[in-house]
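So the structure is just underneath, and the comments pick up after that.
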Amino acid sequence: MTFVHRTSNIVHLNVHTISTPPKKVPFVFIFPIALPLKMQLSTKHLLGIRDLVPNDIQIILDTAAQFKEVLQRPIKKVPSLRDVTIVNLFYENSTRTRISFELAEKRLSADTINFTASGSSVKKGETLLDTVNNILSMKVDLVVMRHSASGAPHFLAKHIPAAIVNAGDGINEHPTQALLDAFSIREKLGTLQGKKIALLGDIMHSRVALSNIYLLKKMGAEVMVAGPPTLIPKYMQQAFDVHVEYDLKTALEWCDVANVLRIQLERQNQVLFSSLREYNLQYGVKRSLLDNLGKEIVIMHPGPINRGVELDSDVADSKQSIILQQVENGVAVRMAVLYLLAGGKTIQN
Ligand code: CP
């Protein structure tokens, strides 16, 4: 149902503001129950970018742009998900993603519950499915989940009725990170189409890399993966139609954007390079390298940064870096994802 609401200082999103009178107090359409067809995603869950069609990505990015505009206003809260309850299930450590989802939910007026495996009955042996079913019995509508096991949210999606958002599963996907990365590139360069994006470093263990590759290819960007041969799976070029490069300088000369990835030591159970110092010397992104390119490229990093390993501080903190903009954009992007999935769920029901 769509209805019209007149508002002064409260900003209601979902939100198609009519530009004609009144000018100071705009009319705002709210559609908390049903999304118009053109805003419906083709999927009930967000398990990975692999499952999305380009139109889904476009809808999410465009909706996020509206939410970003709302987040610049003095009152940043909208009532869009007022009757929705969301659980943030974090079985693996997180700073940015967990806070960003929680903030997005609060900005949308959803009720939120935060669950971390440490300190829970998981420590007494309770299974993932039992844990989630118990939480859902308390009338929870939507599950945001991070898990160290690749495929954990896909498993859950087969067994529970609620919509699931994957907040990172093992070395598989991190879809909202790729969406916020894409949003940040589009904001900086105007479009993704035809842009050259290099993903640098630990491609093998990076869910950010995989989600970025799926998304960037679907949206018409050119993608390169670059790093040591031991950290780039052999099948990359054939499986994903990406450029593969083992020389950092060549990769930086090629790209418009360098998305520098964290060396994931916690996921490496064998020696894949001689030392962190050696890695920094050969594959660390340094000021001197960037100064000799003859062009200014955009520097990104999903965080957390290993400063002085994959990225030097004077690059991470420079004007070329949009790392903190990525984090800022994460809230708007996650608001868009939650809003679209919650609306879609209601329509289906
Ligand atoms: N980028 C990212 O996922 O960071 P966190 O692990 O801190 O959530």
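Every number for a ligand or one of its atoms is a count from 1 in the order of the listing.
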Asp181 and Gln326 side chains, donor-acceptor separation under 3.5 Å:
yes

In plain terms, say whether Glu296 and Lys188 are close enough for a salt bridge, that is, a side-chain N and a carboxylate O under 4.0 Å apart.
no

Which label fits Tyr91 and Phe115: parallel for a plane angle under 30°, tilted from 30 to 60°, or perpendicular past 60°?
tilted

Regarding Arg307 and Asp317, does a basic nitrogen lie under 4.0 Å from an acidic carboxylate oxygen?
yes

Could you list the donor-acceptor pairs under 3.5 angstrom formed between side-chain atoms of residues 118-126 and any protein atom two or more places apart in sequence or on another chain?
{"from": "Ser120", "atom 1": "OG", "to": "Ala117", "atom 2": "O", "distance (Å)": "2.7"}
{"from": "Ser120", "atom 1": "OG", "to": "Val122", "atom 2": "N", "distance (Å)": "3.0"}

Where does ligand 1 get N/O contacts under 3.5 Å from the protein, atom by atom?
{"from": "ligand 1", "atom 1": "1 (N)", "to": "Gln177", "atom 2": "OE1", "distance (Å)": "3.0"}
{"from": "ligand 1", "atom 1": "1 (N)", "to": "Pro302", "atom 2": "O", "distance (Å)": "2.8"}
{"from": "ligand 1", "atom 1": "1 (N)", "to": "Gly303", "atom 2": "O", "distance (Å)": "3.2"}
{"from": "ligand 1", "atom 1": "3 (O)", "to": "Thr97", "atom 2": "OG1", "distance (Å)": "2.9"}
{"from": "ligand 1", "atom 1": "3 (O)", "to": "Arg146", "atom 2": "NH2", "distance (Å)": "3.0"}
{"from": "ligand 1", "atom 1": "3 (O)", "to": "His174", "atom 2": "NE2", "distance (Å)": "2.9"}
{"from": "ligand 1", "atom 1": "4 (O)", "to": "Arg96", "atom 2": "NE", "distance (Å)": "3.0"}
{"from": "ligand 1", "atom 1": "6 (O)", "to": "Arg146", "atom 2": "NH1", "distance (Å)": "2.9"}
{"from": "ligand 1", "atom 1": "7 (O)", "to": "Thr95", "atom 2": "N", "distance (Å)": "2.8"}
{"from": "ligand 1", "atom 1": "7 (O)", "to": "Arg96", "atom 2": "N", "distance (Å)": "3.0"}
{"from": "ligand 1", "atom 1": "7 (O)", "to": "Arg96", "atom 2": "NE", "distance (Å)": "3.2"}
{"from": "ligand 1", "atom 1": "7 (O)", "to": "Arg96", "atom 2": "NH2", "distance (Å)": "2.9"}
{"from": "ligand 1", "atom 1": "8 (O)", "to": "Ser94", "atom 2": "OG", "distance (Å)": "2.6"}
{"from": "ligand 1", "atom 1": "8 (O)", "to": "Thr97", "atom 2": "N", "distance (Å)": "2.9"}
{"from": "ligand 1", "atom 1": "8 (O)", "to": "Thr97", "atom 2": "OG1", "distance (Å)": "2.6"}
{"from": "ligand 1", "atom 1": "8 (O)", "to": "Arg146", "atom 2": "NH1", "distance (Å)": "3.4"}
{"from": "ligand 1", "atom 1": "8 (O)", "to": "Arg146", "atom 2": "NH2", "distance (Å)": "3.4"}

Between Lys68 and Glu187 (salt bridge meaning N to carboxylate O under 4.0 Å), is one present in this structure?
yes

